[in-house]
Amino acid sequence: MRLRGIRGAITVAENSEEAILDGSEQLLAEILRRNRVHPEDVAAIFFTATEDLTAAFPAAAARRLGLDAVPTICSREIPVPGSLPRCIRVLVQVHSERALDQIQHVYLGEAVSLRPDRAGVEPESTPAGPQLRPEAERIRPYVPGRSLEEVRRELRLEHVVKLASNENPLGPSPKALEALSRPGFLENLHRYPDASFRALREALAQRHGLAPDQVVVGNGSDELLKLLGEAYLRPGDEVVLGSPSFSEYSYVARLMGAQEVLVPLEGGQVTAEAVLDAITPRTRLLFLCTPNNPTGTGLDPEEFRRLVDEVPSHVVVALDEAYREYVRPERRIDSLLPIRQGKPWISLRTFSKIYGLAGLRVGYGLASAPVAAAIMRVKEPFNVNQAAQVAALAALEDEEHLRRSQELVWHERRRLEKALAARGLRCEPSEANFLLIWLGQPDGPVTEGLLHQGVIVRGGSQLGAPGAIRVTVGLPRENTLFLEALDRVLHREAVGARVSGGDAV
């Protein structure tokens, strides 16, 4: 998102507080409306007024529009040839994805004579039909990683390696595939799936020592994040989250008209102190991603225990543990502890990553009973399809696939870390199946260069980490191809690219 400047001017009838503030408010409101700017995206406002306007500071109008947290400043305008009497000018700095030629500068009243080309101009993209909700205007659509087929076709490459989406390179659980291929399964696809996921919920409850009514299942854990927002958030509520972290948390907050409160990371993860300082009486949801995406860094067990003890009871805490199984056992937090204590917490997990079922979209949450009941109130019926339920239930029992997937990542993650360190590249300390690698240069050209070498990775600029790339830990041969491609793109001599580790792992 870029910082853009929007100019505007208006003339008022007289030097009175009412005229100055009414005119300034009208000008600001029109700038926000024409450019579809949400108040939260306003960075700063600079007013000037001609010397004949002394009755009020125009910046006070910003408070009328609810822009209380936005820095504003006023100054007297230096007389220039062609200036107008009783004129207020403004420069509004906003965070926006709009191109320069899409910005709508606004001139009202007699000020249209300053820029007659701007009189009555409306955004070219304004539809003739219904307008989007302001909350929807704030949402930036999720940009997925490019697919293997797309890259092969566009770049005419025969061999392409995808290391961008944190998928399991070993593929789906064999037991899940077997369950989907059982005789009679396809013949029953005309039947609706079990809307209560009874078998899957009971199996998950038994595995984790909870009651079935403490388990919820969703169309991926992403849906459960959205359902939490629909259940608990109202416009003006606050949502605390780490930065950078998974973009879905901001999506949930913006969709519901809530305010994001960003907590900067330290060493790839939030600290308990910073999170607790960010919580206010208006906080409704706290999203904690561990291991964090995109850094891969896990929440320290001591920091976690402090959060369990000190997060106030009016806050619903969502622990996003999509990559939990890749954490070494000795480093895993007891995320069910606050749930067993009856606190309003939920641990979100998924079958997309280590179980290899990303294409079926099935995730689950382990929660205190009131939180689980709140989600069940707002979820759609039949939100998880029949194939996903059958495959997930079978994959849950596939301990061999789980073990092989863990050992592959643990071995290859360490190999990549050593190889990258030998190249002078720093990684965030990862406990997930990916690495965030700091390049010391813009990530865009490197990401594009790797793409033309047949290696798809994720650019850090898309993830809130400019100057880095996120790379999924793949098969040994895939990881070696990545290192070799990286050497070519960075114009470095290969350093230990073939460190021990083969396709037999």
Side-chain angles (χ1 to χ4, degrees), residues 1-140:
M1 187 166 287
R2 300 174 176 85
L3 187 65
R4 298 297 195 199
I6 308 175
R7 300 188 307 276
I10 190 171
T11 54
V12 296
E14 60 184 10
N15 180 28
S16 68
E17 180 177 358
E18 182 180 2
I20 291 172
L21 294 183
D22 285 350
S24 301
E25 182 180 356
Q26 180 187 355
L27 179 60
L28 268 183
E30 190 67 5
I31 285 174
L32 300 184
R33 185 187 72 81
R34 291 193 188 182
N35 290 278
R36 300 185 188 177
V37 174
H38 190 277
E40 193 177 66
D41 292 327
V42 179
I45 304 173
F46 304 90
F47 282 97
T48 65
T50 49
E51 291 184 335
D52 51 8
L53 292 179
T54 59
F57 287 109
R63 305 297 177 247
R64 291 186 176 185
L65 294 174
L67 301 171
D68 303 295
V70 177
T72 58
I73 192 170
C74 299
S75 67
R76 292 293 172 217
E77 184 176 302
I78 298 173
V80 295
S83 62
L84 297 170
R86 301 181 309 281
C87 185
I88 300 167
R89 297 177 190 261
V90 69
L91 174 65
V92 183
Q93 290 188 317
V94 302
H95 298 289
S96 176
E97 292 289 355
R98 292 191 167 214
L100 285 173
D101 60 359
Q102 294 177 309
I103 294 296
Q104 300 296 315
H105 307 289
V106 178
Y107 294 82
L108 303 175
E110 295 177 16
V112 297
S113 65
L114 300 173
R115 288 296 302 273
D117 58 316
R118 292 292 174 184
V121 173
E122 291 284 346
E124 294 179 4
S125 58
T126 300
Q131 298 289 308
L132 286 175
R133 290 193 301 128
E135 292 83 1
E137 288 278 7
R138 296 172 60 207
I139 295 171
R140 284 173 285 169

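Since the structure is predicted, the reported quantities are computational estimates derived from the model, not experimental observations.
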Enquirer: Are Val42 and Leu32 close enough that some pair of their side-chain heavy atoms sits under 4.5 Å apart?
Expert: yes
Enquirer: For a 4.5 angstrom cut-off between non-hydrogen side-chain atoms, does Glu51 reach Glu77?
Expert: no
Enquirer: Compare all side-chain heavy atoms of Val90 with those of Ile31 and state whether any distance is below 4.5 angstrom.
Expert: yes
Enquirer: Let me confirm one number: the CZ-CG distance from Arg98 to Asn35, rounded to the nearest 0.5 Å.
Expert: 5.5 Å
Enquirer: Which pair of heavy atoms, one from Ala60 and one from Leu21, lies closest together, and at what distance?
Expert: CB-CD2, 3.7 Å
Enquirer: Please step through side chain to side chain contact (heavy atoms under 4.5 Å, CB included) for the pair Leu108 and Leu27, ending with a clear verdict.
Expert: CA-CA 7 Å; Leu108 303 175; Leu27 179 60; 4.3 Å; yes
Enquirer: For the CD1 atom of Ile73 and the CZ atom of Phe57, what is their distance to the nearest 0.5 Å?
Expert: 10.5 Å
Enquirer: Would you call Ile6 and Gln104 a side-chain contact if the rule is heavy atoms closer than 4.5 Å?
Expert: no
Enquirer: Once you round to the nearest 0.5 Å, how far does OG1 of Thr50 lie from CG of Leu84?
Expert: 8.5 Å
Enquirer: Within the structure provided, determine whether Ile45 and Gln93 are in side-chain contact (heavy-atom separation under 4.5 Å).
Expert: no
Enquirer: Provide the closest heavy-atom pair for Pro58 versus Phe47 in the form atom of the first, atom of the second, distance.
Expert: CB-CD2, 3.6 Å
Enquirer: Got a second to check how far Glu17's CD is from Thr54's OG1, nearest 0.5 Å?
Expert: 11.5 Å
Enquirer: Give a yes or no on whether the backbone of Arg86 and the side-chain of Thr11 come within a donor-acceptor separation of less than 3.5 Å.
Expert: no
Enquirer: With a 3.5 Å distance limit and no angle check, can you tell me whether Arg34 reaches the backbone of Val106 through a side-chain donor-acceptor pair?
Expert: no
Enquirer: Between Asp41 and Ser96, does any side-chain donor sit less than 3.5 Å from a side-chain acceptor?
Expert: no
Enquirer: Minimum heavy-atom separation for Ile88 to Ser24, with atom names?
Expert: CD1-OG, 3.4 Å
Enquirer: I need the His95 NE2 to His38 NE2 distance, nearest 0.5 Å.
Expert: 13.5 Å
Enquirer: Over all heavy atoms of both residues, which pair between Pro39 and Val70 is shortest? Give the atoms and the distance, please.
Expert: O-CG2, 4.4 Å
Enquirer: Could you tell me which non-hydrogen atom of Pro71 sits nearest to which non-hydrogen atom of Ala43, and how far apart they are?
Expert: CD-O, 3.2 Å
Enquirer: Using atom types as modelled and distance alone, determine if a side-chain donor or acceptor of Arg76 lies under 3.5 Å from a backbone N or O of Leu53.
Expert: yes
Enquirer: Closer than 3.5 angstrom, by distance alone: can the side chain of Arg89 be matched with the main-chain N or O of Thr48 as a donor-acceptor pair?
Expert: no
